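Here's the structure, in structure tokens; my notes come after.
These numbers come from a predicted model, not from an experiment. First listed ligand is number 1; within each ligand, the first listed atom is number 1.
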Amino acid sequence: MIKPPLAAVVWDFDNTLVDTRARNRSVTRRIIEAVTGRAADEYPILAEQHRYDAAIFEWQNWQDLYRIEFELSLDQIRAAGRLWTDYQREDETPTSWFDGIDDVIRELEDWPQAIVSMNTQANIQAALEVAGVASLFTLVIGCDDVGFERQKPNADGLLQCVEALTEADEGTLLYVGDHPVDAQCAANANQELQRRGGQLRVVAVGAAYGTHGPLDGWPIRPDFHAERPADVLSIAGVVRDGRTPLAPAKDR
Ligand SMILES: [Mg+2]
């Protein structure tokens, strides 16, 4: 059977396209101080970068992290969420693109591309402008574009991309991300796509170059691993050639 061809490429942003770890820790420190009234250094995971990175990897999403690690109430978590956009805009901690990932985006210019991220629309757009690749993205969905309850692993943002990037009812979209929540999001999108019928499917690519834990340990394993940014191109090539396995990873 000939498998549906590559229809589009969707990216996560933080630590998939751009290394934002230091800035995100800086912003989180300010948020936690504002919401709790306590010094950020009182929280071990905010005191050192490697601890923050490990905690981010461990939790399915930031709301769980804030609830369990920082012991915030739901109201405090909502307040923290509202501060994220402004504090991100004000923070000047440097971020950097992963080496070669902007070239990969340019190589993929024949395919529609989009971003689904829990960072802010403004941050993402600014980074795309800096790299000169903004025009290659059809759609950018940030944390301000989906409701508080509908962030990843909820598939709403990813499904919006599917609808915006392809009008076909068959084809494969890559979703490239560095975090287990990205593979979970792809799986949730596939459940919904399957329910709708048709042959559109999302293939999850684990961005191993940007992640901070073993890809083998993800509760839902990505279909492919990109050890280097350029690997995304060869994976896209495999999908384009129609050899993409569409069954869930656990069945293969
Ligand atoms: Mg990420």
Side-chain angles (χ1 to χ4, degrees), residues 9-28 45 49-66 81 84-85 88 91 93-102 104-105 113-128 131 133 137 139-146 150-158 161 173-189 202-215 217-229 231-232 235:
V9 180
V10 185
W11 302 86
D12 168 53
F13 177 74
D14 291 278
N15 306 314
T16 295
L17 296 179
V18 176
D19 185 345
T20 55
R21 289 173 295 167
R23 182 179 294 177
N24 287 348
R25 179 171 74 107
S26 169
V27 169
T28 304
I45 66 168
Q49 187 69 47
H50 73 95
R51 289 190 188 213
Y52 176 77
D53 297 342
I56 288 291
F57 180 78
E58 185 178 340
W59 294 106
Q60 177 80 330
N61 64 40
W62 69 271
Q63 296 175 24
D64 291 342
L65 173 79
Y66 281 30
W84 179 257
T85 301
Q88 280 283 349
D91 200 290
T93 309
T95 62
S96 58
W97 282 76
F98 287 103
D99 264 355
I101 196 75
D102 52 332
V104 172
I105 290 166
Q113 298 183 70
I115 291 173
V116 178
S117 166
M118 285 188 269
N119 209 316
T120 68
Q121 172 80 228
N123 259 356
I124 299 165
Q125 291 292 359
L128 297 181
V133 295
F137 287 88
L139 185 64
V140 172
I141 295 177
C143 59
D144 13 25
D145 301 310
V146 291
R150 313 299 290 173
Q151 296 183 354
K152 292 190 278 188
N154 185 287
D156 279 11
L158 188 49
C161 289
L173 295 91
L174 299 188
Y175 185 39
V176 188
D178 70 296
H179 194 280
V181 77
D182 298 314
Q184 177 72 57
C185 183
N188 291 345
V202 178
V203 164
V205 179
Y209 56 86
T211 201
H212 306 288
L215 270 74
W218 291 18
I220 292 186
R221 292 192 184 182
D223 299 282
F224 293 94
H225 293 185
E227 301 294 335
R228 304 167 300 134
D231 291 348
V232 177
I235 294 164

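- Taking the side chain as every heavy atom from C-beta outward, V133 and W97 approach each other to under 4.5 Å.
- The one candidate from D182, L158, L174 that meets the side-chain contact (heavy atoms from CB on, under 4.5 Å) condition with V10 is L158.
- Under a cut-off of 6.0 angstrom, the local environment of CG in D99 is sparse, with at most 12 non-hydrogen atoms contributed by other residues, nucleotides or ligands.
- Below the 2.8 Å limit, the Mg ion (ligand 1) has as protein N, O or S neighbours D12 OD2, D14 O, D178 OD1.
- Residues passing the salt bridge (charged side-chain N to carboxylate O under 4.0 Å, His left out) test with R21 are D19, D53, sequence neighbours excluded.
- Listed by chain and number, the residues in a salt bridge (charged side-chain N to carboxylate O under 4.0 Å, His left out) with D145 amount to none (sequence neighbours excluded).
- By the side chain to side chain contact (heavy atoms under 4.5 Å, CB included) test, A54 is found to be paired with no residue, residues two or more places apart in sequence or in another chain being considered.
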